[in-house]
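Every chain is numbered from 1 and lettered A, B, ... according to where its sequence line falls, protein lines coming before strand lines.
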Amino acid sequence: MEMPTSDFDLALTLDSGQTFQWTSLGKGFLGAIGARAVYVEQIRDILKFRGAPAKSIASYFALDHPLSEICASFPNDAAMQTACKFCRGLRIMRQPRWECLATFITSSMKQVAHIRQISLSMRERFGLRRSLGNLHVYSYPTADVIADLEEEDLRNCALGYRAKNLLATARLITSGEFNLDELALLRDDDLRAALCALPGVGAKVANCVMLFAYERLRAFPIDVWVERVLREKYFPRRRKLRRGELEKFSAQHFGAHGGYAQQYLFHHARKTTARRLSAPGS
DNA sequence: CTCCAGGGATGAT
DNA sequence: ATCATCCATGGA
């Protein structure tokens with residue numbers, strides 16, 4: 001099957017650090033949407049896909065987001081405009097709630113490559129094997145499945161100290177004490193506070209989950225990369241600057257689609273900041 | 001080898 | 001409220 005798209009860059013979107021499961025295969029990507037194995041491939045403005053209905057694909061990749069309007073709402077400063085140009089076609093996807101929450105609990109103090117490794121390891125060990133022809137992927141393990149594991153099972157997936165938090169959160173959800181779907185009714189501040197009550201969830205992870213799984217496009221996660229960008233580009237000569245000031249500034253400066261702005265700043269910084277190379281001539 | 005990563009919880013100012 | 005420290009792991 002195939003469908004037309006506009007203002008969409010599949011490879012860019014999948015490489016922007018919001019999801020950690022898709023693997024490059026041939027000209028496209030293989031992954032899972034919920035519990036379905038899916039293959040997607042983009043040729044110019046045509047999106048070819050197998051494994052899920054068009055409606056599901058379009059929703060997952062948020063092809064309905066008015067990207068040109070969103071970009072037009074960004075502040076007209078140099079850093080933002082540079083990032084915006086660099087990220088043309090990058091969309092904030094609609095991810096399943098538990099999958100997104102759990103993945104970002106495991107993301108603490110981990111590089112994107114590590115999060116990906118943890119995520120894939122958990123899928124292979126505890127997820128459901130799903131096939132698409134002769135291709136195979138694994139769904140993300142449900143909260144119920146994880147709740148029945150031991151901490152060591154998760155540590156074997158390289159979660160380290162994060163294992164305890166993920167296990168505790170899974171058990172809160174499985175017990176019915178905490179319902180991720182009911183939270184969708186809450187306004188942003190209440191949703192954030194509710195998520196922060198979960199073990200292993202602080203402001204940053206809560207904002208990621210709000211942005212990537214609750215479609216709260218104003219949520220502005222501040223990780224080490226985004227904090228660097230804010231300090232260097234928006235507050236150059238201010239050595240002492242409180243964290244709270246950065247949060248206040250970003251909430252008012254980037255506006256109703258601050259989450260998109262944040263994602264563009266994040267991805268641009270991560271892809272253009274040269275890693276320190278070892279001493280030349282060695 | 002060293003450095004650092006899409007941080008959070010805890011306890012001390 | 002803000003800061004210091006600890007927590008595990010492995011790619012670069």
How long is the line joining [atom1] of [X] and [atom2] of [N], in whole Å?
X      : N      : atom1 : atom2 : answer
A/L195 : B/dA9  : CG    : P     : 12 Å
A/L265 : B/dG6  : CG    : P     : 16 Å
A/R270 : C/dA12 : CZ    : P     : 11 Å
A/F220 : B/dG6  : CZ    : P     : 16 Å
A/Q262 : B/dG6  : CD    : C1'   : 8 Å
A/L90  : B/dG6  : CG    : P     : 16 Å
A/L198 : B/dG7  : CG    : P     : 18 Å

Polar atom pairs between nucleotides 11-13 of chain B and protein, under 3.5 Å, N or O only, would you list them?
none

- For nucleotides 4-10 of chain C, read 5' to 3', which letter fits each nucleotide if B means a protein heavy atom sits under 4.0 Å from the base, S means only the sugar-phosphate is that close, and - means neither? ---BBBB
- For A/G200 and for A/D223, find the nucleotide of DNA chain B with the closest heavy atom, then tell me which residue's nucleotide is more 5'. A/D223
- Item | Nearest-nucleotide 5' precedence on DNA chain B, A/V201 against A/R228 |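 Comparing both residues, the 5'-ward one is A/R228.
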- Message: Could you check whether any side-chain N or O of A/Y39 sits under 3.5 Å from a backbone N or O of A/G28, counting only pairs where one atom can act as donor and the other as acceptor?
- Response: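 Checked: pair present.
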- Keeping the roles fixed (side chain from A/T169, backbone from A/P199), state whether a donor-acceptor pair exists under 3.5 Å.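 Yes: the side chain of A/T169 pairs with the backbone of A/P199.
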- Under the 3.5 Å rule, do the base of B/dG6 and the side chain of A/E227 count as making a donor-acceptor pair?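 Result: no qualifying N/O pair found.
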- Where each pair must be Watson-Crick or G-U wobble with both distances under 3.5 Å, what dot-bracket representation of DNA chain C is obtained, with crossing pairs in [ ] and other-strand partners as |? |||||||.||||
- Query: Under the ring-ring contact (aromatic ring centres under 6.0 Å, His included) criterion, do A/F235 and A/F249 qualify, and how do the steps go?
  - Reply: CA-CA 10 Å; A/F235 298 94; A/F249 167 78; 4.9 Å; yes
- With centres under 5.5 Å and planes under 30°, do A/F266 and B/dG6 count as stacked?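 The ring of A/F266 is stacked on B/dG6.
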- Message: Listing request: all salt bridge (charged side-chain N to carboxylate O under 4.0 Å, His left out) pairs with a residue in residues 3-17 of chain A, at least two apart in sequence or in separate chains.
- Response: A/D15-A/K271
- Quick note, salt bridge (charged side-chain N to carboxylate O under 4.0 Å, His left out) partners involving residues 125-145 of chain A, not counting sequence neighbours, are none
- Going by number, which of residues 236-247 of chain A have a non-hydrogen atom under 4.0 Å from DNA chain C?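 Those residues are A/K240, A/R242.
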- Query: How about A/M1: does its CE atom have over 12 heavy atoms from other parts shown lying under 6.0 Å from it?
  - Reply: no
- Query: Is the CZ atom of A/R228 crowded by more than 12 outside heavy atoms at less than 6.0 Å?
  - Reply: yes
- Side chain proximity check, A/R238 to A/R231, heavy atoms < 4.5 angstrom: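 Not touching, per the 4.5 Å side-chain cut-off.
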- Item | With A/D77 via side-chain contact (heavy atoms from CB on, under 4.5 Å) - residues at least two apart |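 Listed in chain order: A/P75, A/A79, A/M80, A/Y234, A/H253.
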- What residues, two or more places apart in sequence or in another chain, satisfy side-chain contact (heavy atoms from CB on, under 4.5 Å) together with A/E177?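 By the side-chain contact (heavy atoms from CB on, under 4.5 Å) rule, A/E177 matches A/L172, A/S175.
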- side-chain contact (heavy atoms from CB on, under 4.5 Å) test vs A/Q42 passes for just one of A/L12, A/T13, A/L10, namely A/L10
- side chain to side chain donor-acceptor pair (under 3.5 Å) pairs, two or more places apart, involving residues 239-252 of chain A: A/E227-A/R243
- Item | Distance (rounded to the nearest 0.5 Å) between A/E150 CD and A/R155 CZ |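 It comes to 13.0 Å.
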- Give, for atom OG1 of A/T5 and atom CD1 of A/I43, the distance between the pair rounded to the nearest 0.5 Å. 11.5 Å
- Message: Please list all pairs meeting ring pair (Phe, Tyr, Trp, His ring centres under 6.0 Å) that have one or both residues in residues 176-215 of chain A, counting only residues at least two apart or in different chains.
- Response: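 Counting only pairs at least two positions apart or across chains, the ring pair (Phe, Tyr, Trp, His ring centres under 6.0 Å) contacts touching residues 176-215 of chain A are A/F104-A/F212.
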- Taken in chain and number order and not counting sequence neighbours, the residues that satisfy side chain to side chain donor-acceptor pair (under 3.5 Å) with A/S131 are A/H136
- Task: Please measure how far the P atom in B/dG6 lies from the corresponding atom in C/dC6, and state the result in whole Å.
- Result: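 Per the computed distance, 23 Å lies between those P atoms.
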- Using the P atom as the reference point in each nucleotide, state the distance between B/dC1 and C/dT9 in Å, no decimals.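 16 Å, rounded to whole Å.
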- Taking atom types as modelled and ignoring hydrogens, do the side chains of A/H257 and A/S73 form a donor-acceptor contact shorter than 3.5 angstrom? yes
- Among residues 202-218 of chain A, which residues get a heavy atom nearer than 4.0 Å to DNA chain B?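 Result for residues 202-218 of chain A: A/G202, A/A203, A/K204, A/V205, A/F212, sorted by number.
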